[in-house]
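Since the structure is predicted, the reported quantities are computational estimates derived from the model, not experimental observations. Here, residue 1 is the first one in the sequence, and each next residue gets the next number. Below, each value reflects all heavy atoms present in this structure, side chains not excepted, and no hydrogens, waters or symmetry copies.
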Amino acid sequence: QVQLVESGGGLVQVGGSLRLSCEASGLTSDYYNMAWFRQASGKEREFVAGVSWFGTNTRYADSVKGRFTISRVNVKKAVYLQMNSLKPEDTAVYYCATDQIAGVQTTSDSYHYWGQGTQVTVSS
């Protein structure tokens, strides 16, 4: 079955950077859109960034545009999220998600496969 494993979270100061990684197994092809979501304590899960099958299309939440960059390497079945200029409001558990869907979807119910999450804490 499809499994996703995130890594790279941690504690960072305001203005710092982190790079999250997500490695997938069990995918039968490259035709999976991949995305990052996050969920802060007491809040709903929200879309952060997504990338299409071959990395040609990307979408970002307005709150992270210009600071975060999503990329994927299909030969490694991996997706990455480079996070720069981090702010306290970026503190959350970050989840990797994937599914065979048309277009880069921004709603969590569009994705059937999820990782376990990795904590990102930005301290001021």
Side-chain angles (χ1 to χ4, degrees):
Q1 71 269 20
V2 176
Q3 290 187 324
L4 303 173
V5 178
E6 302 101 332
S7 62
L11 175 64
V12 64
Q13 291 187 332
V14 169
S17 298
L18 281 175
R19 184 177 188 242
L20 304 184
S21 300
C22 172
E23 294 190 0
S25 60
L27 297 179
T28 56
S29 73
D30 291 332
Y31 295 96
Y32 285 79
N33 287 328
M34 302 190 80
W36 288 96
F37 286 76
R38 66 186 181 187
Q39 187 166 17
S41 180
K43 295 187 177 181
E44 293 186 354
R45 191 169 297 188
E46 65 175 0
F47 173 81
V48 176
V51 60
S52 61
W53 296 336
F54 295 109
T56 52
N57 294 314
T58 57
R59 295 182 71 176
Y60 295 92
D62 289 342
S63 59
V64 307
K65 280 182 182 177
R67 300 188 298 123
F68 290 11
T69 302
I70 189 170
S71 60
R72 66 186 292 170
V73 178
N74 284 348
V75 67
K76 294 184 178 181
K77 299 193 183 301
V79 64
Y80 306 97
L81 186 67
Q82 178 66 43
M83 306 186 295
N84 299 327
S85 303
L86 283 162
K87 305 175 181 180
E89 50 264 43
D90 294 319
T91 295
V93 177
Y94 283 71
Y95 296 91
C96 175
T98 189
D99 211 327
Q100 285 185 307
I101 50 179
V104 180
Q105 303 299 321
T106 63
T107 56
S108 58
D109 58 5
S110 298
Y111 298 86
H112 286 97
Y113 305 108
W114 293 83
Q116 81 288 351
T118 184
Q119 176 70 46
V120 171
T121 303
V122 184
S123 67
S124 55

Do the side chains of Val51 and Val104 get nearer than 4.5 Å, heavy atoms only?
-> no

Considering residues at least two apart in sequence or located in another chain, which fulfil the ring-ring contact (aromatic ring centres under 6.0 Å, His included) criterion with Phe37?
-> Phe47, Tyr111, Trp114

Can you list every ring pair (Phe, Tyr, Trp, His ring centres under 6.0 Å) pair that touches residues 7-32, not counting sequence neighbours?
-> Tyr31-Trp53, Tyr31-Phe54

Please list, chain by chain and in numerical order, all residues satisfying salt bridge (charged side-chain N to carboxylate O under 4.0 Å, His left out) with Arg38, sequence neighbours excluded.
-> Glu46, Asp90

How long is the span from the CD atom in Gln119 to the CG atom in Leu11, to the nearest 0.5 Å?
-> 9.5 Å

Write down the atom of Val122, the atom of Thr91, and the distance for their closest heavy-atom approach.
-> N-OG1, 2.9 Å

Audit row: Ile70, Arg72, side-chain contact (heavy atoms from CB on, under 4.5 Å) steps and yes/no | CA-CA 7 Å; Ile70 189 170; Arg72 66 186 292 170; over 6 Å; no

Cluster question for you: counting only ILVMFWY and a side-chain heavy-atom cut-off of under 4.5 Å, with indirect links fine, are Phe68 and Tyr95 together?
-> no

Applying side chain to side chain donor-acceptor pair (under 3.5 Å) to Asp99 and not counting sequence neighbours gives His112

Could you tell me the separation between the NZ atom of Lys77 and the OG1 atom of Thr98, rounded to the nearest 0.5 Å?
-> 10.0 Å

For residues 78-87, which side-chain donor-acceptor pairs fall under 3.5 Å, sequence neighbours excluded?
unit_1	atom_1	unit_2	atom_2	d
Gln82	NE2	Asn84	OD1	2.9
Asn84	OD1	Ser17	OG	2.9

Which pairs pass disulfide bond (SG atoms under 2.5 Å apart) with one or both residues in residues 50-80, sequence neighbours excluded?
-> none

Quick one: pull up OG1 in Thr107 and CD1 in Ile101 and give me the separation to the nearest 0.5 Å.
-> 7.5 Å

What is the minimum heavy-atom distance between Ala24 and Met34, and which atoms define it?
-> CB-CE, 4.3 Å

Got a sec, which residues hit salt bridge (charged side-chain N to carboxylate O under 4.0 Å, His left out) with Asp109, two or more places apart in sequence or on another chain?
-> none

Just jot down the salt bridge (charged side-chain N to carboxylate O under 4.0 Å, His left out) partners of Lys43, sequence neighbours excluded, or say none.
-> none

Partner set under side chain to side chain donor-acceptor pair (under 3.5 Å) for Ser21, not counting sequence neighbours | none

May I ask whether Leu18 and Val14 are part of the same hydrophobic cluster, defined by side-chain heavy atoms of I, L, V, M, F, W, Y residues being less than 4.5 angstrom apart, directly or through others?
-> yes

If you measure only the distance, is there a donor-acceptor pair under 3.5 Å linking the side chains of Arg59 and Asn57?
-> no

Pairs involving residues 22-117, ordered by first then second residue, that meet disulfide bond (SG atoms under 2.5 Å apart) (sequence neighbours left out) = Cys22-Cys96

Which residues satisfy the side chain to side chain donor-acceptor pair (under 3.5 Å) test with Thr118, sequence neighbours excluded?
-> none

Is there a chain of hydrophobic side chains (I, L, V, M, F, W, Y, each step under 4.5 Å between heavy atoms) that links Tyr94 to Tyr60?
-> yes

Kindly work out whether a path of hydrophobic side-chain contacts (I/L/V/M/F/W/Y, heavy atoms less than 4.5 Å apart) joins Val12 to Leu20.
-> yes

Roughly how far, to the nearest 0.5 Å, is NZ of Lys65 from OG1 of Thr58?
-> 9.5 Å

Is Glu89 atom CD crowded by more than 12 heavy atoms from other residues, nucleotides or ligands, each under 6.0 Å away?
-> yes

Is there side-chain contact between Gln116 and Glu6, with at least one heavy-atom pair below 4.5 Å?
-> yes

For Pro88 and Ser124, the nearest pair of non-hydrogen atoms, with its separation, is CG-CB, 4.2 Å

Results of side chain to side chain donor-acceptor pair (under 3.5 Å) for Ser7 - residues two or more places apart only | none

